[in-house]
Amino acid sequence: MRILGVETSCDETAVCLIEAEGDFGPDFKFKLLGNALSSQAALHAQYGGVFPNLAKREHAKALVPMLTQALREANLLSSRPGLATARPGLDVILSREPELLEQLIPFLEQHENPDIDAIAVTHGPGLEPALWVGVNFAKALSMAWDIPIVAVNHMEGHIVLSMMKEQRLADFEFPVLALLISGGHTELVLSKEFGAYELVGQTRDDAAGEAFDKVARLIDLPYPGGPEISRLANSAREKNLPRAFELPRPMLHEDNFDFSFSGLKTAVRRIVENQSTSRPGLDEFKMRLAREFEDAVADVLVAKTMRAVDEFGANTVVVGGGVSANTYIRHRLAEALADLGNPAQLLIPPPELATDNAIMIALAGYFHAHNAEYADIGALKASGNLRLETKA
Ligand code: KG4
Ligand code: ZN
């Protein structure tokens, strides 16, 4: 089965094409036929964060070029004119995305329908205006090409991608505990089978990635802040700089699986405000602060994850979301599982696949398509606060 994946939930416009076969299990395998991604991070960096309406406009501009690139890579971009030209109704579906419509009509006129079975698109959670562009794009393609849509939960995409190894499912056992750490989410999710999820803990305020981004901003580092903080923190470790600050470890000892990161950010702000910026050694100050912050985040993430592994008897820990690209946090999680003598297997995607992409959406979408779980296109909506579902 060939699935086109479309992801526009935040600041990455991504389109890919996979070919996959088999049930969720050892027989499953897939090939990545084409993959295109355009990041808006540099644009949003000027403002220190992602602006939903700016993101929406950029997605509208980038989707047809990303689709073209992914299909070309997959050798599925025919040069014969399409028959599905200007189907009536496309202008209604894309009435809020005129820039996208303007590019899509000539695209459909110039290329005949590719041999694809379904479109998997992120319908939440994320920035709602951004999500709508992807959803409407999928609806337009579904109509033009006459193929169904699978609506994918972005967080399930992160989980499923983390479960892959060499274009197959890794050899792992449920129950799976997923630690999802991104710019918008910090969650511990328990899964006893594919498609069934129970939220066991979450942040009560800022997400982990958001905390990285906000702290980076406080010390004048560009957006996205995660990689920048991580770089400085690693320098502090390499240089063996002594610990100079003590940040709190919020909720570390509380008997639950929830997180809180806004107090940490406030504590960093206080330290920064009490620091005269003209003082020599500013670089060293930032390195030490970045390190203490990263340590604090890692301490809390690791402790809560280990507590949940014990409590729920997880056989596998899956880590996903942009913050899982962090080398130090990856290392700390692996070390903690090994130290505890816990046999739970750790699955983390390679750093380049930890941040948002379309492959994760196509993969999660494939399993739903395989079960014939298609969206009702008339009712399909973008949903910024979409939750992971619990199967009865
Ligand atoms: O999953 P993702 O790409 O998008 C969302 O769905 O939010 O995550 C983006 C977040 C940003 O907050 C970014 O700062 C953070 O992931 N991030 C990192 C690292 N790379 C990206 N945080 C810490 N360390 C990193 N190396
Ligand atoms: Zn994400």
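Only a predicted model underlies this, so the values are computations on that prediction, with no experimental measurement involved. Residue numbers start at 1 and run along the sequence shown. Start at 1 and go down the list; that is how both ligands and their atoms are numbered.
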Test item: side-chain donor near acceptor, [X] and [Y], under 3.5 Å:
| X | Y | result |
| --- | --- | --- |
| Ser38 | Gln40 | no |
| His368 | Glu156 | yes |
| His123 | Ser383 | no |

Check your understanding: How many angstroms lie between atom CG of Leu104 and atom CD of Glu99, to the nearest 0.5 angstrom?
Key ->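 Spacing of CG (Leu104) from CD (Glu99) equals 13.5 Å.
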**Study point:** Metal site the Zn ion (ligand 2): N/O/S of His154 inside 2.8 Å
**Key:**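 Short answer: yes, at least one N, O or S atom is under the cut-off.
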Practice item. Confirm or rule out an N/O/S atom of His158, from backbone or side chain, lying less than 2.8 Å from the Zn ion (ligand 2). Key: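 It does: His158 brings an N, O or S atom closer than 2.8 Å to the Zn ion (ligand 2).
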Review point. Where the side chain of Asp356 meets the backbone of Glu12, is there a donor-acceptor pair that is under 3.5 Å apart?
Key: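 No; zero donor-acceptor contacts below 3.5 Å.
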Review point. Tell me, which N, O or S atom in Asp356 is closest to the Zn ion (ligand 2)?
Key: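 Checking each N, O and S atom of Asp356, the shortest distance to the Zn ion (ligand 2) belongs to OD1.
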Exercise for review: May I ask you to check if Arg237 and Tyr328 form a cation-pi contact, with NZ or CZ under 6.0 angstrom from the six-membered ring centre and within 45° of the axis?
Suggested key: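 Positive - Arg237 is close enough to the ring of Tyr328 and near enough to its axis.
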Point to revise | His370/Phe194 aromatic ring centres below 6.0 Å | key: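 That pair fails the under 6.0 Å test.
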Exercise for review: For ligand 1, list the protein residues that place a heavy atom within a distance below 4.0 Å of one of its atoms, sorted by chain and number.
Suggested key: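 The 4.0 Å shell around ligand 1 contains His154, His158, Ser182, Gly183, Gly184, Gly209, Phe212, Asp213, Pro224, Gly225, Gly226, Pro227, Gly321, Gly322, Val323, Ala325, Asn326, Thr355, Asp356.
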